[in-house]
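Contents: one structure, followed by commentary.
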Amino acid sequence: MIKALNLRNINKRYNETVALSDINLDIEDGEFFSLLGPSGSGKTTCLKVIGGFEEPDTGDVTLFNEDVTYTPPFKRNVNTVFQDYALFPHMNVEENVSYSLKIKKIPKNEQKSKVDEILSIVKLNGYEKRKPSELSGGQRQRVALARSLINRPKILLLDEPLGALDLKLREQMQFELKNLQRQFQITFIYVTHDQQEALSMSDRIAIFNEGKIEQIDTPNNIYLKPKTAFVADFIGTTSIIPKDFAKKSLKYNYGFSIRPENININSNIAEYDFSINASINDIQFQGSYYKILCQTENINLTALHYLDMKNPLNIKIGDNIQLSWNKMDITNLDD
Amino acid sequence: MLFKKNNLNKASFGLKLGAILGILFLHVPLFLIILYAFTTEDKSYQFPPPGYTLKWFSIVLSRQDIWNAVSLSLQVAIISTMAAIVLGTLAAAALYKASFFGRDSITLLIILPIALPGIITGISLRSAFGVVGIPFSTWTIIIGHATFCMVVVYNNVVARLRRSSPNLIQASMDLGANNFQTFFYVILPNLGTAILAGGMLAFALSFDEVIVTTFTAGQQTTLPIWMLSELIRPRQRPITNVVAVFIICITFIPILYASYITRNTTDTEGSSK
């Protein structure tokens, strides 16, 4: 089967800084694939290598079995939605969207019908003559999407496209992006530092850290079976129990991570595999639950207490509580 | 009393009065110059003028020395503006994003001619021409003017580049445009109004420049220098006023036009945020 994209042993450094270190990646055709990591982890550099804006120092970039490592961006069948949208300020919406058609010298009437079609898909009919400065953030985002999709690229690269939008709009656009991807059946490669965004939209996620990929997996596995302490810590809230503490206090031979929703407070310890005493450092109200931040020796643990009429919160900061969990809920860490 | 009304959205009476007086102070002399271009009294400024005539205009039209000065000034302004546009735009393109050792110093050196007193620029250019052995000519005036004209273009273009999204060029390439198409469809239209506005300011600056010209002109007479020498003679004073009216027109039109074309683009660049 032909992969949409292969990256083989990609290395890239800027002076002394290693931006990408031995990146290997296969992305299937039609996949919604996210590159997730903190800022400076190399995910945007990786996207630029795929788009052709940066050349890797070593390694190969293959798009649909064609080596494009040194092919300039305008010869790749890949389009990019930039973080700041990069709409041409001197052109109106229609001119922005039809830019690539003008470059390809497609006849005017054909351009017009394609622009109409794509603008109706992103729900921007009637805005053809507006300048980018006369649009809201969400509308600019749609223009940028339409401009990139009008080409029907095989792969669409998105560089934190929702970063500048407020929360409500972001959630709505997440939904619309996912729909667009299903409708066009093209590969989306999506860069984000927002784990919730990546988990909710992606088919698979690559977690970047310091220029390396820590784990490539489905959102489900990334959350439930993190391979490294970094992934466990970066995705969601988690408590990390290092190996020496586990050996000493829990008689367990591995370091592991445990999600807060799997930790029980003051329950019958006979029902659980592990149990430990901890004191409460802070209690944070989060809406549908309280976050209980606990500490034992120098280990921080986070547990949750869901709001429930039958089960009122009867603990306070400074209390000593019993935290218990089962072996099936923990994830052993490699290091 | 003057600042009693403390409404933040409305200017106080005192502020309004001050603003009006300020504007009058700046512009009444211009109207006086236009008025005295039509006076019948040719030796002193008498108010109100004893009579009105158009004869000074016909005298100006027939004076060859004025036409020589006008044509020299236009020639200098046009050539130095063109040089400024090319050099200023290239300098802006090279310096706005690049980071290399000494970049800030080079930026400072480019802007310096407009900050330096004209008299310093003039003297240093004059001695430089002397050392190298370049004879004074129209070209030495043009070189002198280009030093500060370039700064105006540079500043305009750099400001535009800074406000533009650095991704615009990448976006254009991403959508299939090669280097030439990107330059003509994206870069030039984006910089166009900034270059034009800078060029027009540069033209206006060059056209009425006196100090640097004095040091770099040799025997040649540009229009402003002709006017200075004419003021010393007490006869036919209104002639200088007639010429001044021409200069006001020639410099006003490009400045108004420059502010008009850049007015519509100032908020457009915000799209990168």
Side-chain angles (χ1 to χ4, degrees), chain A residues 14-15 44 47-48 50-54 71-93 95-106 130-137 139-140 143-144 146-151 153 155-157 159 163-164, chain B residues 89 92-93 96-103 156-199 258 260-273:
Chain A
Y14 298 109
N15 299 327
T44 297
L47 198 76
K48 294 209 156 158
I50 300 170
F53 303 112
E54 298 276 2
T71 308
F74 55 88
K75 289 186 181 156
R76 297 187 187 197
N77 198 357
V78 166
N79 284 115
T80 310
V81 175
F82 292 88
Q83 191 168 8
D84 59 5
Y85 316 143
L87 299 178
F88 305 125
H90 57 291
M91 299 183 192
N92 62 27
V93 169
E95 290 163 338
N96 262 290
V97 172
S98 62
Y99 184 75
S100 60
L101 306 180
K102 182 172 89 176
I103 298 291
K104 283 189 190 157
K105 301 199 167 56
I106 285 171
R130 297 262 191 111
K131 287 281 180 70
S133 57
E134 298 161 340
L135 299 175
S136 71
Q139 289 166 336
R140 283 180 202 167
V143 176
R147 186 176 70 173
S148 300
L149 286 171
I150 200 165
N151 256 332
I155 301 181
L156 186 67
L157 309 179
D159 186 5
Chain B
T89 307
Y96 98 103
K97 226 179 129 184
S99 53
F100 54 88
F101 178 74
R103 190 193 94 137
N156 264 279
V157 175
V158 146
R160 177 65 55 86
L161 284 171
R162 286 207 185 110
R163 278 183 293 169
S164 306
S165 160
N167 285 336
L168 286 182
I169 294 166
Q170 291 194 354
S172 170
M173 308 272 271
D174 185 71
L175 293 165
N178 59 30
N179 292 332
F180 288 104
Q181 289 165 322
T182 300
F183 181 77
F184 284 108
Y185 293 143
V186 174
I187 300 176
L188 207 55
N190 256 304
L191 294 184
T193 49
I195 292 174
L196 204 55
Y260 171 76
I261 55 174
T262 45
R263 183 196 59 185
N264 292 329
T265 54
T266 42
D267 51 2
T268 317
E269 273 93 37
S271 62
S272 60
K273 46 176 194 255

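Letters A, B, ... mirror the listed sequences (proteins, then strands); counts begin at 1.
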- request: Could you pull out all residues at least two apart from A/A144 that satisfy side chain to side chain contact (heavy atoms under 4.5 Å, CB included)?
  value: A/V81, A/Y85, A/L87
field: Heavy-atom pairs under 4.5 Å with chain B, option from A/R76, A/R147, A/K104 with the top count
entry: A/R147
Heavy-atom pair count under 4.5 Å with chain A, highest-scoring of B/L168, B/V186, B/D174: B/D174
task: Would you mind telling me which of A/I103, A/L101, A/V78 has the largest number of heavy-atom pairs within less than 4.5 Å of chain B?
output: A/I103
query: Is the A/F88 ring parallel, tilted or perpendicular to the A/Y99 ring (thresholds 30°, 60°)?
result: tilted
task: For each of A/K75, A/K102, A/M91, tally heavy-atom pairs with chain B at distances under 4.5 Å, and name the one with the top tally.
output: A/K102
- request: Look at B/A177, B/G192, B/P189 and state which one has the largest set of heavy-atom pairs under 4.5 Å with chain A.
  value: B/A177
query: Does the pair B/I187 and B/I169 meet the rule for a side-chain contact (heavy atoms from CB on, under 4.5 Å), with working shown?
result: CA-CA 7 Å; B/I187 300 176; B/I169 294 166; 4.0 Å; yes
task: Report yes if some heavy atom in the side chain of A/N96 is under 4.5 Å from a heavy atom in the side chain of A/P132; otherwise report no.
output: yes
task: Would you mind telling me which of B/T182, B/N178, B/L175 has the largest number of heavy-atom pairs within less than 4.5 Å of chain A?
output: B/L175
- request: Determine whether the side chains of B/Y185 and A/E95 contain a donor N or O and an acceptor N or O closer than 3.5 Å.
  value: no
